[in-house]
Every structure is written in structure tokens, then in C-alpha cells.
A.B. asks: 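What follows is a single structure, and I will ask about it in a moment.
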Amino acid sequence: MRTLVVPDLHGRHDLALALLREAEVVDARGVRINREVRTVQLGDLANCTREDRDADLKLLRKARAWFDVLL
């Protein structure tokens, strides 16, 4: 089994989607298509500032579907 480790995302849903698509873990819609790759997200998922609230929430909603391990 391969493991994909993703660094701090700071609310960057677009970056998370791009990384997971490149690794063929999710499709263009963001739906998990490959469970043979263990996904680990290290560090900050959210940026936690007022300006980034919507981006943070968008990523937080997808986190459990996209990442097997959240640290």
C-alpha cells in the first residue's frame, strides 16, 4: 500500500484537491476513488482567520472523506 503524506493545508481546499487528484486518490469532483493509497494529513487543516472562514469550512467538510489519518 502506498502512503501519501500531505503537509499543512491552511484551508487550501484547491491545493488539497490538486494533490489528491495528482496522486489519483480522488476524481475531478473530489470523490474518493482509490482506497489503496493511505492518505495522511499533517499539521494545520484550517487557517483559522476570519478572511478564510469559507475556505476552511470547505476543506474541513471534505477532510474525513479524503484523509485516512489526520494529525
Side-chain angles (χ1 to χ4, degrees):
M1 176 180 276
R2 279 184 8 208
T3 299
L4 174 68
V5 179
V6 178
D8 290 359
L9 289 167
H10 297 291
R12 294 281 313 271
H13 178 274
D14 59 332
L15 178 59
L17 180 59
L19 290 169
L20 294 168
R21 285 190 68 201
E22 179 69 25
E24 299 178 341
V25 173
V26 300
D27 64 15
R29 298 171 298 148
V31 175
R32 182 89 184 243
I33 57 170
N34 187 348
R35 293 270 174 201
E36 295 300 314
V37 176
R38 178 184 306 117
T39 54
V40 178
Q41 197 283 321
L42 301 175
D44 303 331
L45 252 178
N47 206 23
C48 297
T49 65
R50 173 169 251 162
E51 298 83 38
D52 295 325
R53 183 176 182 267
D54 291 335
D56 287 348
L57 291 174
K58 188 174 183 179
L59 182 54
L60 289 169
R61 285 185 193 107
K62 294 301 279 186
R64 294 305 298 154
W66 284 355
F67 299 105
D68 300 311
V69 179
L70 297 162
L71 297 174

A.B. asks: Taking E36 for its side chain and R2 for its backbone only, find out whether a donor-acceptor pair lies under 3.5 Å.
C.D. replies: no
A.B. asks: Take R32 and V25 through the side chain to side chain contact (heavy atoms under 4.5 Å, CB included) test and state the conclusion after the steps.
C.D. replies: CA-CA 6 Å; R32 182 89 184 243; V25 173; 3.3 Å; yes
A.B. asks: Would you say the side chain of V40 lies within less than 4.5 Å of the side chain of D68, judging by non-hydrogen atoms?
C.D. replies: no
A.B. asks: Applying a strict under-4.5 Å side-chain criterion to I, L, V, M, F, W and Y, I'd like to know whether L57 and L15 cluster together.
C.D. replies: no
A.B. asks: Assess whether side chain to side chain contact (heavy atoms under 4.5 Å, CB included) is satisfied between Q41 and L9, documenting all intermediate values.
C.D. replies: CA-CA 8 Å; Q41 197 283 321; L9 289 167; 3.9 Å; yes
A.B. asks: Sub-3.5 Å donor-acceptor pair from the side chain of R12 to the main-chain atoms of L45, do we have one?
C.D. replies: no
A.B. asks: Is there a donor-acceptor pair closer than 3.5 Å between any side-chain N or O of D27 and the backbone N or O of R29?
C.D. replies: yes
A.B. asks: Please determine whether residues V69 and V5 belong to a single hydrophobic cluster, defined as Ile, Leu, Val, Met, Phe, Trp and Tyr linked transitively by side-chain heavy-atom distances below 4.5 Å.
C.D. replies: yes
A.B. asks: Given the rule that I, L, V, M, F, W and Y join up when any side-chain heavy atoms are under 4.5 Å apart, are L60 and L20 in one cluster?
C.D. replies: yes
A.B. asks: Without swapping roles, check the side chain of W66 against the backbone of G30 for a donor-acceptor pair under 3.5 Å.
C.D. replies: yes
A.B. asks: Tell me the closest heavy-atom pair linking T39 and F67, and the distance in Å.
C.D. replies: OG1-CA, 3.0 Å
A.B. asks: Main chain of N47, side chain of D56: is a donor-acceptor contact present, judged purely on distance under 3.5 Å?
C.D. replies: yes
A.B. asks: Roughly how far, to the nearest 0.5 Å, is the NE2 atom of H13 from the NZ atom of K58?
C.D. replies: 5.0 Å
A.B. asks: Please tell me whether I33 and L17 are part of a single hydrophobic cluster in this structure, the criterion being side-chain heavy atoms less than 4.5 Å apart.
C.D. replies: no
A.B. asks: Would you check if the side chain of D44 reaches a backbone N or O of D8 as a donor-acceptor pair within less than 3.5 Å?
C.D. replies: no
A.B. asks: Taking A23's backbone N and O only, do any of them form a donor-acceptor pair with R21's side chain (distance below 3.5 Å, no angle check)?
C.D. replies: no
A.B. asks: Same cluster or not: L70 versus V37, using hydrophobic residues (I, L, V, M, F, W, Y) connected whenever any side-chain heavy atoms lie under 4.5 Å apart?
C.D. replies: yes
